[in-house]
K.L.:
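Before I ask anything, here is the structure I am working with.
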Amino acid sequence: MANIKELSVEDKLRALYDLQLIDSRIDEIRNVRGELPLEVEDLEDEVAGLSTRLEKLKTDLESIEEQIKDKKVAIEDHKAAIKKYTEQQKNVRNNREFNSLTKEVEFQELEIQLAEKHIKEMKASIEHKKEVIAQSSERLDAKSSHLSHKKSELDAIMAETQKEETFLTEKSAEYQGLIEERLLAAYNRIRSSVRNGLAVVSIERGASAGSFFTIPPQTQMEIAARKKIITDEHSGRILVDSVLAEEEKEKMEQLFSKI
């Protein structure tokens, strides 16, 4: 291949148009995937978030169940204390000791009531959390199934297009290497600023492809002469004549057919 400095203006135009055809083909492949990669990524994040939330809910549930067990043990301890103080009341020597033990019994009974109240509240909390867990599990299953479907869809598209995209990406880099840095920067700048990614277009029916603005006959002659790089004054796109465009399209079609 010729060095960049050795390329004529015509060769530069051909290299630019070839690069455009290759990059447009890559765009088509990526458009087939559409938003699928982003959809898969969003679903993966959502599934991970739901899984984390579900695990936390289950951990919270286990913690509450443990607290209920502790409260039940505490109630049994309070009951044992009541039994002990009641027995001690039978052997008191005076009213002061009897009243003191009575207060202890009353305190233990209040502790039992408080523990039972807490158990009731925690059981209600358990029922609520079980409902949330069931709903979250159902949602997680649905999202996981949707993710699996989307991944399969993406994998199928990737399997069909990956080889072609890899080949074309390598060819794009190869043709970029033929184009001088300033011109390549202009190509990339134009390509990123237009919706369809077309930075190099041919003349069709007296206007640049995709445009309604007629190009003056003198300018069309200059474009056909291939002596200098000419851009469309309306869109800023680099212009090539239709003959060159058809020749390069044919050449690129042969290249693409080998993939």
Side-chain angles (χ1 to χ4, degrees), residues 26-163 165-166:
I26 293 171
D27 290 344
E28 286 174 21
I29 292 170
R30 290 175 179 168
N31 286 338
V32 169
R33 290 181 211 147
E35 298 294 317
L36 258 183
L38 286 175
E39 281 185 56
V40 167
E41 193 177 324
D42 288 344
L43 280 167
E44 283 174 339
D45 290 344
E46 202 168 345
V47 165
L50 281 168
S51 297
T52 302
R53 182 166 184 254
L54 200 54
E55 285 304 312
K56 186 180 184 304
L57 283 167
K58 288 177 179 178
T59 301
D60 290 346
L61 195 61
E62 289 170 4
S63 174
I64 293 170
E65 286 170 344
E66 282 301 316
Q67 289 175 52
I68 287 175
K69 286 179 184 177
D70 292 342
K71 290 292 181 186
K72 286 181 176 179
V73 169
I75 286 172
E76 292 306 313
D77 290 343
H78 293 313
K79 285 180 178 178
I82 289 171
K83 186 177 179 181
K84 182 183 74 172
Y85 295 138
T86 303
E87 284 297 318
Q88 286 177 2
Q89 281 180 323
K90 295 175 183 177
N91 302 310
V92 294
R93 291 168 294 184
N94 53 54
N95 285 338
R96 187 174 61 81
E97 287 182 10
F98 185 86
N99 290 336
S100 177
L101 289 168
T102 299
K103 285 181 180 178
E104 285 294 342
V105 169
E106 288 172 353
F107 174 76
Q108 297 300 325
E109 287 173 341
L110 285 171
E111 286 294 307
I112 289 171
Q113 288 174 20
L114 187 61
E116 286 174 340
K117 182 189 174 194
H118 286 158
I119 287 172
K120 187 178 179 181
E121 289 170 350
M122 286 189 281
K123 281 183 175 178
S125 177
I126 282 175
E127 289 309 308
H128 173 68
K129 283 192 183 295
K130 281 182 177 177
E131 285 178 18
V132 176
I133 285 171
Q135 290 167 2
S136 297
S137 295
E138 192 176 326
R139 193 173 172 209
L140 177 60
D141 289 343
K143 289 292 180 183
S144 296
S145 176
H146 191 42
L147 172 60
S148 179
H149 171 72
K150 286 294 180 182
K151 268 187 170 179
S152 296
E153 198 177 328
L154 180 59
D155 288 345
I157 292 171
M158 290 295 287
E160 289 175 10
T161 60
Q162 191 62 59
K163 182 184 174 184
E165 185 180 356
T166 301

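Please read all numbers here as calculations on a predicted model, not as lab measurements.
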K.L.:
Side chains of residues 87-99: which donor-acceptor pairs under 3.5 Å do they make with residues two or more places apart or in other chains?
P.N.:
from	atom 1	to	atom 2	distance (Å)
E87	OE2	K90	NZ	3.3
Q89	NE2	T102	OG1	2.7
R93	NE	E97	OE2	3.3
R93	NH2	E97	OE2	3.0
N94	OD1	R96	N	3.2
N94	OD1	E97	N	2.8
E97	OE1	R93	N	3.3
N99	ND2	N95	O	3.3

K.L.:
Just by distance, do the side chain of S145 and the backbone of D141 share a donor-acceptor pair under 3.5 Å?
P.N.:
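Checking the backbone N and O of D141 against the side chain of S145, no donor-acceptor pair under 3.5 Å is found.
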K.L.:
Could you pull out every donor-acceptor pair under 3.5 Å between side chains of residues 61-69 and any protein atom, sequence neighbours left out?
P.N.:
from	atom 1	to	atom 2	distance (Å)
S63	OG	Q67	NE2	3.3

K.L.:
Using atom types as modelled, flag every donor-acceptor pair under 3.5 Å from a side chain in residues 104-117 to any protein atom, sequence neighbours excluded.
P.N.:
from	atom 1	to	atom 2	distance (Å)
Q108	OE1	H78	ND1	2.6

K.L.:
With rounding to the nearest 0.5 Å, note down the distance linking CG in D70 to CD1 in I75.
P.N.:
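Going from CG on D70 over to CD1 on I75, the span is 11.5 Å.
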K.L.:
Sequence neighbours left out, what passes side-chain contact (heavy atoms from CB on, under 4.5 Å) with S137? Give chain and number order.
P.N.:
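In terms of side-chain contact (heavy atoms from CB on, under 4.5 Å), with neighbours along the sequence ignored, S137 is linked to L54, I133.
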K.L.:
Does anything in residues 122-134 pair up under side-chain hydrogen bond (donor to acceptor under 3.5 Å, both in side chains), and if so which pairs, sequence neighbours excluded?
P.N.:
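Counting only pairs at least two positions apart or across chains, no side-chain hydrogen bond (donor to acceptor under 3.5 Å, both in side chains) contact touches residues 122-134.
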K.L.:
Side-chain contact test, heavy atoms from C-beta onward, threshold under 4.5 Å: evaluate it for L140 versus R53 and give yes or no.
P.N.:
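The answer is no, as the side chains (C-beta and beyond) never meet within the 4.5 Å cut-off.
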K.L.:
Do any side-chain atoms of residues 29-49 form donor-acceptor pairs under 3.5 angstrom with protein atoms, and if so which ones, sequence neighbours left out?
P.N.:
from	atom 1	to	atom 2	distance (Å)
R30	NE	E165	OE2	2.8
R30	NH2	E165	OE2	2.9
N31	ND2	D27	O	3.2
R33	NH1	E165	OE1	3.3
R33	NH2	E165	OE1	2.0
E39	OE1	K150	NZ	3.3
E44	OE2	K151	NZ	3.3
E46	OE2	R139	NH2	3.2
E46	OE2	K143	NZ	3.4

K.L.:
From K84 NZ over to L101 CG, what is the distance, rounded to the nearest 0.5 angstrom?
P.N.:
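Rounded to the nearest 0.5 Å, the NZ-CG separation comes to 9.5 Å.
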